[in-house]
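Take a look at the following structure, please.
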Amino acid sequence: MKRNIVIATIAAAALVSGGTATAFALGGDDEPSAAGKSSVQLKDDDGRTFDDRDDAYDDDRDDQDDRNDAREDAREDAREARGDKAENAAEAKGAKVSAAEAIAAALKATPGAAVSADLDDDNGGLVWDVDVVGKDGRTWHSVQIDPGTGKVLGSHVERDDDGDDTAEDARVAAAVKGASVSAGEAAKAAGGKGAVTSVDVDDDAARVGSWNVETTSADGTESHWNVDMASGKVTVDRTDD
């Protein structure tokens with residue numbers, strides 16, 4: 001579950017010459033991304049990051065719209081769809097560290113219960129972003145894991161300053177801590193469906209009872225699954241049908 005809240009004080013941990021160095025800074029929009037430190041930096045065939053390529057697609061699409069040419073628009077849509085699938089495939093292939101392994105690494109650095117794990121691309125830098133609720137059941141942490149090495153790139157504590165998410169956070173934390181099937185186990189359960197690129201709590205229902213898992217096939221096709229928190233049963237997620 002990705003939480004859209006204001007980030008307060010950050011505690012970023014990095015491995016330095018076999019030791020651990022901890023730095024503290026104030027979080028915000030100008031905070032350097034951990035993805036810039038990732039060992040996995042994705043480039044397309046032209047040497048541009050996929051994000052740069054997406055911008056180029058957007059510019060091309062704008063030109064097509066200006067000409068109001070429906071046929072060219074359709075071709076551009078197909079081209080962009082192929083580009084998206086290529087990007088998905090490259091990200092999944094670039095992550096040598098699996099979702100379950102990233103979760104385990106995050107929990108080793110920050111004990112508690114994993115709430116989500118997402119493979120994120122920031123300007124070509126790939127990183128696992130793992131949300132962990134601490135042992136106190138109240139403190140939420142975001143831990144960034146290098147998808148190439150499994151090392152911790154950084155971490156910070158998230159705080160809900162206005163209190164809007166307090167009740168929802170407590171509900172999700174209780175469900176996760178009481179689940180028979182953990183986020184890591186859910187990732188392993190869905191691993192046979194493709195490369196797992198996201199594990200998240202399904203918090204749309206009145207009762208939190210399953211994990212949402214996203215997988216990517218070798219050709220970049222994304223699929224969505226539900227993994228029951230009690231039994232570990234994997235079923236197709238049809239909510240987007």
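The first residue in the sequence is number 1, and the count goes up from there. Atom set for the values below is all heavy atoms of this structure, side chains included, hydrogens, waters and symmetry mates excluded.
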Checklist outcome for this item: Here the gap from Glu91 atom CD to Asp120 atom CG, rounded to the nearest 0.5 Å, amounts to 8.5 Å
Item to check | Contact check, side chains of Val172 and Val115, non-hydrogen atoms, under 4.5 Å | outcome: yes
Checklist entry - Is there a side-chain contact between Glu214 and Val196 (heavy atoms, below 4.5 Å)? => result no
Item to check | Separation of Trp211 CH2 from Asp202 CG (nearest 0.5 Å) | outcome: 11.0 Å
Checklist entry - Do the side chain of Trp128 and the main chain of Val97 share a donor and acceptor less than 3.5 angstrom apart? => result yes
Item to check | Where Ala189 and Val227 come nearest, the two heavy atoms and their spacing | outcome: CB-CG1, 4.3 Å
Checklist entry - Can Thr216 and Asn88 be counted as having a side-chain donor-acceptor contact under 3.5 angstrom? => result no
Checklist entry - Looking just at side-chain N and O atoms, do Trp225 and Thr215 make a donor-acceptor pair shorter than 3.5 Å? => result yes
Next on the checklist: If you compare all heavy atoms of Ala190 against all heavy atoms of Val213, which two are closest, and at what distance to 0.1 Å?
Outcome noted: CB-CG1, 3.6 Å
Next on the checklist: Rounded at 0.5 Å granularity, tell me how far CG in Asn226 sits from CG in Asp237.
Outcome noted: 4.0 Å
Item to check | For Val208 against Met229, the heavy-atom pair lying closest together | outcome: CG1-CE, 3.8 Å
Checklist entry - Do Asp118 and Ser198 have side-chain N/O donor and acceptor atoms under 3.5 Å apart? => result yes
For residues 174-184, run the donor-acceptor check on the side chains, cut-off 3.5 Å, and write out each pair with its distance to 0.1 Å, sequence neighbours left out.
| unit_1 | atom_1 | unit_2 | atom_2 | d |
| --- | --- | --- | --- | --- |
| Ser182 | OG | Glu185 | N | 3.2 |
| Ser182 | OG | Glu185 | OE1 | 3.4 |

Next on the checklist: Ignoring hydrogens, what is the shortest heavy-atom contact between Leu153 and Ala34? Give both atom names and the distance.
Outcome noted: CD1-O, 3.5 Å
Next on the checklist: Is any side-chain heavy atom of Val201 closer than 4.5 Å to one of Asn212?
Outcome noted: no
Item to check | Polar side-chain atom of Lys233 near backbone of Asp228 as donor-acceptor pair, under 3.5 Å | outcome: no
Checklist entry - Donor-acceptor pair, Asp146 side chain versus Gly148 backbone, under 3.5 Å? => result yes
Checklist entry - Going by heavy atoms in the side chains, are Val132 and Val130 under 4.5 Å from each other? => result yes
Checklist entry - Distance only, no hydrogens: is a donor on one side chain within 3.5 Å (strictly under) of an acceptor on the other, for Ser142 and Asp129? => result yes
Checklist outcome for this item: Separation between OG1 (Thr149) and NZ (Lys151), nearest 0.5 Å, reads 5.5 Å
Next on the checklist: Are Lys85 and Asp219 packed together at the side-chain level, in the sense that at least one heavy-atom pair is separated by less than 4.5 angstrom?
Outcome noted: yes
Next on the checklist: I'd like to know if the side chain of Asp121 reaches the main chain of Gly124, judged simply by a donor and an acceptor atom lying under 3.5 Å from each other, with no hydrogens or angles considered.
Outcome noted: yes
Checklist outcome for this item: On a heavy-atom basis, the closest approach of Gly125 and Gln41 is CA-OE1, 3.4 Å
Checklist entry - Does anything in residues 96-113 pair up under salt bridge (charged side-chain N to carboxylate O under 4.0 Å, His left out), and if so which pairs, sequence neighbours excluded? => result none
Checklist entry - Is the shortest heavy-atom distance from the side chain of Val143 to the side chain of Val152 under 4.5 Å? => result yes
Checklist entry - Does a side-chain heavy-atom distance below 4.5 Å link His141 with Thr139? => result yes
Next on the checklist: Treating Asp165 as the side-chain partner and Glu168 as the backbone partner, does any N or O pair qualify as donor plus acceptor under 3.5 Å?
Outcome noted: no
Item to check | Min side-chain heavy-atom separation Leu126-Leu119 under 4.5 Å | outcome: yes
Checklist entry - Of all heavy-atom pairs between Gly150 and Ala105, which one has the smallest distance, and what is that distance? => result O-CB, 3.7 Å
Checklist outcome for this item: So NE2 of His156 and OG1 of Thr110: to nearest 0.5 Å the spacing works out to 11.0 Å
